[in-house]
Amino acid sequence: MNRFLAYYYKRRRSHINKLIYSLLLLLVLAGCVQVENGVHIQNDTNEDIGKAEKVFEDDDRLVSAIAIFHEKEILSGVTVKTFSRFHKAKIEKELTKKLEKHYKDFKVTVSADSKIIQETKKLMDLEDKDKFPKKIKELKTLSEEET
Amino acid sequence: MKGLLKFRTNPTIAATGVVVGPLEKKSPFKPLFDKVYDDERSGQPTNEKGHSKLVEDACMIALRKAGFVPDDADFLLIGDLVNQMTPSNFCASELQIPYVGMFSACATSISSLLTAALLTESGMSACSIAGASSQHNAVERQFRYPVEYGSQKPETAQWTVTAAGVAAVTPNQAGFPAIVSGTIGRVIDLGVTDPFNMGAAMAPAAADTLERHLNGHGRKVKHYDTIITGDLGKIGFEIYQKLIAKKKIETTNNLRDAGAEFFGDDSDFQAGASGTGCSAAIYFSDVYEKMMVGEYKRVLLIATGSLLSPLSFQQGDTIPCIAHAVELEMK
Amino acid sequence: MMDEKKYAELESKISPKPPLIRNLFTAFITGGTICLIGQGISVFYMTYFDFTERTASNPTVATLIFIAMLLTGFGQYRKIAQFGGAGSAVPITGFGNAVISAAIEHRSEGYVLGVGGNMFKLAGSVILFGVASAFIVALIKTILVKFGVVSW
Amino acid sequence: MLSIFVTAFVVGGLICVIGQLLFDVANLTPAHTLCILVVAGSILDGFGLYEPLIDFAGAGATVPITSFGNALTHGAMAEAEKHGFVGVLTGMFEVTSSGISAAILFGFIASVIFRPKGKV
């Protein structure tokens, strides 16, 4: 009986060890990657972007923020701190309100969704300015989509 | 006491046939099995048909070894665990031997052997085929979950084997193990409800039958070369030994359990093997061989069965259990 | 004859208890790994397709169930489950495994009565309780909103 | 970006630990455990707590079966918000879960191509 149990545990433990190593490796890898911090705003309008910069910088729940001012649209993607992700929806709403207060004529979209951030970054690198309105519209509908 | 059988004419087991599935190759008893299938359905399209083929093969092997053809056999007394015992029924339909389905769950190997001995003793049977079988996939899907369903089996769980074991019982012939006495078990239910701990449910039945057999026939444990239980498994076997000690039955180290030994120490099978075919396969291979070569002179076989259905345990009922015993002697 | 209570004592003394700490640990590792793979798949869908964090969960779940189908079909999911316990049963792959294993098993009774009739043999209760509780929770919330106790 | 992988692993793992506790300590069958978790997901969504968990843990919250209760409840509540009591009912017929459709589809495909194997 005891021999049987000992064998059982020995076999199981080797499985667990393998898993622990892969888990540790994963954590190390996760720690090595640098996060791009700070605020980047691309301004295609004559509006003063200082107020927007201040809104983003003052919010200590944010890790980074990017925004595009184009015609009458503000499209912004923000990365929030790990534990602030619980309040992602609230943060999005608050930031939208603050920006709308500062830029009354603009339609503001703030999203903490990584897809929106990624796409906004791509948009910033885009040379062809004519495509901007269409792309911004696409991203706005994407950010409003529910499951 | 009731339920005791004594055979004056000593019917003998003239031959046995044991056929198993592919996984049972892992068993240390593999060299003793007559036929091992590489396909878990024995080459048939469904599990149940494969099951049927398994029994049929075992019967044919036993008959051939005893020098008979199916037409010579008077009675076919076999059983299994599948609903209404269809695999045994289809086997009987193939063999065309007059047939009575036997059911004592995993104790069927012994209940059918005892019935065959009674028929032989009465002089109405020159050759009876008695045995039992089980097929893992067919039993598992009926009693537990689909075969591929992932559920964590506890250490107390037992693995239903794919095996069929049958014996050809004839009137007394010299040089073969003789059936000298037997004890029909009573249903014992001590309130175990866990279908993953069958060994614990069956252990009291085995201990009860052992006690009744020893008292009823005036035997001592040391009278036997071995007393081998059916499929209590590693945990059930431990409980059974404790129960015997509590009953103040003097034991030597001659206790064995077919379920606990079937797969050796392989932990993939948790507490060991179970199923109707488990006890039948070990009794009619290992034990029978050892008696034939004279290693064992007197043995007591106690097959245990848990008489539950998927419905009964889902409705929260306890697991009623039974154990039948048969004493074999090499004269 | 022994009574039931005494026997239960004896039985529980001898029957090994499930190794709780080990089981919890393996469940954590297995469940965590499945979710980690899920996250990887959802990042894939977000990067290469038009899915947001919110909408990526649908294709992710479908992909995981597809993987569960392969593992179940090749007889591997059972082994993962023996190791991981709830770690493999609780993720949606476990739900998939329950449906798929029943479907494979009952193929021998035909597609209509076998596969169709038994597919949700194990997983049906999850759907029942999911839908029923969704209805009740939504109803209670609607009542509470109507009475002004909470807002949406 | 990578922290979501860590939170997914930890949260997903912890939900499974709750499941394992229900298995081993409360002695429930897998089916009972899954039903309890689905109802728990549904109730959490009623309190508006499940969506933040998804924001926090990503797949760690959408992959466990609890998200199934959340998805159904969320759909029903979204309809109820628009149409009131009628919405609760109509919402029930609109909500679906990709989990169910995927399981049905792949279950059917599997039944065509695979056969059960009983090997350890």
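Predicted model, so just to flag it, every value in this text is computed and none were measured. Chain letters run A, B, ... following the sequence lines, proteins first, then strands; residues in each count from 1.
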message = Please determine whether salt bridge (charged side-chain N to carboxylate O under 4.0 Å, His left out) holds for the pair D/Arg115 and C/Glu105, giving the CA-CA distance in whole Å, both sets of side-chain angles, and the decisive distance to 0.1 Å.
response = CA-CA 7 Å; D/Arg115 316 224 24 212; C/Glu105 189 68 55; over 6 Å; no
inquiry  = Applying side chain to side chain donor-acceptor pair (under 3.5 Å) to D/Ser42 and C/Ser133, what does each step give before you reach the verdict?
reply    = CA-CA 6 Å; D/Ser42 169; C/Ser133 69; 3.2 Å; yes
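For a residue to count as touching a neighbouring chain, one of its non-hydrogen atoms must lie under 4.5 Å from one of that chain's; by this rule D/Leu37 touches chain C with the side chain only. Proximity to chain C (any heavy atom under 4.5 Å) is shown, for D/Ala78, by neither the backbone nor the side chain. In this structure, chain C has no heavy atom under 4.5 Å from any part of D/Ile36. For C/Ile127, the parts lying under 4.5 angstrom from a heavy atom of chain D are both the backbone and the side chain. Using a 4.5 Å cut-off between heavy atoms, D/Leu21 touches chain C through backbone and side chain atoms alike. In this structure, the portions of D/Val112 lying under 4.5 Å from any heavy atom of chain C include both its backbone and its side chain.
To the nearest 0.5 Å, atom CD1 of residue D/Ile4 and atom CD of residue C/Gln39 are 4.5 Å apart. Rounded to the nearest 0.5 angstrom, C/Phe135 CZ and D/Leu89 CG are separated by 5.0 Å. For the atom pair D/Leu34 CG and C/Ile92 CD1, the distance stands at 9.5 Å (nearest 0.5 Å). If you take CD1 on D/Ile54 and CD on C/Glu53, they are separated by 11.0 Å, rounding to the nearest 0.5 Å. Here the CZ-CD1 distance, from D/Phe9 to C/Ile34, works out to 10.5 Å after rounding to the nearest 0.5 Å.
The most heavy-atom pairs under 4.5 Å with chain C, out of D/Ala80, D/Cys35, D/Pro30, D/Gly60, come from D/Cys35. Top candidate by heavy-atom pairs under 4.5 Å with chain D, chosen from C/Ile37, C/Val131, C/Leu70, is C/Val131. Interface check for chain D: of the options C/Val99, C/Ile41, C/Ile65, C/Val61, the most heavy-atom pairs under 4.5 Å are formed by C/Ile65. The residue among D/Ile43, D/Ile109, D/Ile100 with the most heavy atom pairs within less than 4.5 Å of chain C is D/Ile100. Note: D/Ser111 leads D/Ser111, D/Gly12, D/Gly19 in heavy-atom pairs under 4.5 Å with chain C. Ranking C/Ala102, C/Gly96, C/Pro18 against chain D, the residue ahead of the rest is C/Pro18, based on heavy-atom pairs under 4.5 Å. Interface check for chain D: of the options C/Ser42, C/Gly85, C/Ala27, the most heavy-atom pairs under 4.5 Å are formed by C/Ala27. Ranked by heavy-atom pairs under 4.5 Å with chain C, the first of D/Gly99, D/Gly58, D/Ser101, D/Ser67 is D/Gly99.
Here the closest heavy-atom approach between residue D/Ala103 and residue C/Ile100 is recorded as O-CG1, 4.5 Å. Across all their heavy atoms, D/Ser98 and C/Asn58 have their closest contact at OG-OD1, 3.0 Å. In plain terms, the two heavy atoms of C/Gly38 and D/Val63 that are nearest each other are CA-CG2, 4.3 Å. The two residues D/Ala76 and C/Ala134 have their closest heavy-atom pair at CB-O, 4.3 Å. Heavy atoms only, all atoms of each residue included: D/Val38 and C/Gly130 are closest at CG1-CA, 3.2 Å.
Taking the side chain as every heavy atom from C-beta outward, C/Val137 and D/Asp45 never approach each other to under 4.5 Å. A 4.5 Å side-chain heavy-atom check between C/Val90 and D/Ile15 finds at least one atom pair inside the cut-off. A heavy-atom distance below 4.5 Å is found between the side chains of D/Cys16 and C/Pro91. Looking at heavy atoms from C-beta onward, C/Leu20 lies in side-chain contact with D/Val25 at the 4.5 angstrom threshold. Contact annotation: the side chain of D/Phe5 approaches that of C/Val43 to within less than 4.5 Å [non-hydrogen atoms, C-beta and beyond]. A 4.5 Å side-chain heavy-atom check between D/Phe114 and C/Met69 finds at least one atom pair inside the cut-off. The side-chain heavy atoms of D/Phe68 and C/Val126, taken from C-beta on, include a pair separated by under 4.5 Å.
Applying the 6.0 Å contact sphere to CZ of D/Phe56 captures more than 12 heavy atoms from other residues, nucleotides or ligands.
Between C/Lys17 and D/Asp24, no side-chain nitrogen of the basic residue sits less than 4.0 Å from a carboxylate oxygen of the acidic one, so the salt-bridge criterion is not met.
The ring pair (Phe, Tyr, Trp, His ring centres under 6.0 Å) pairs that include a residue from residues 12-48 of chain D number zero, where partners must be two or more places apart or lie in different chains.
For a heavy-atom cut-off of 4.5 Å, chain D lies close to C/Lys141, C/Thr142, C/Ile143, C/Lys146 in residues 141-151 of chain C.
Shown here are the ring pair (Phe, Tyr, Trp, His ring centres under 6.0 Å) partners of C/Phe120, two or more places apart in sequence or in another chain: there are none. Partners of D/Phe108 according to the ring pair (Phe, Tyr, Trp, His ring centres under 6.0 Å) rule, which considers only residues two or more places apart in sequence or in another chain, are C/Tyr111.
Between the D/Gln20 side chain and the C/Ala86 main chain, a donor and an acceptor come within less than 3.5 Å of each other.
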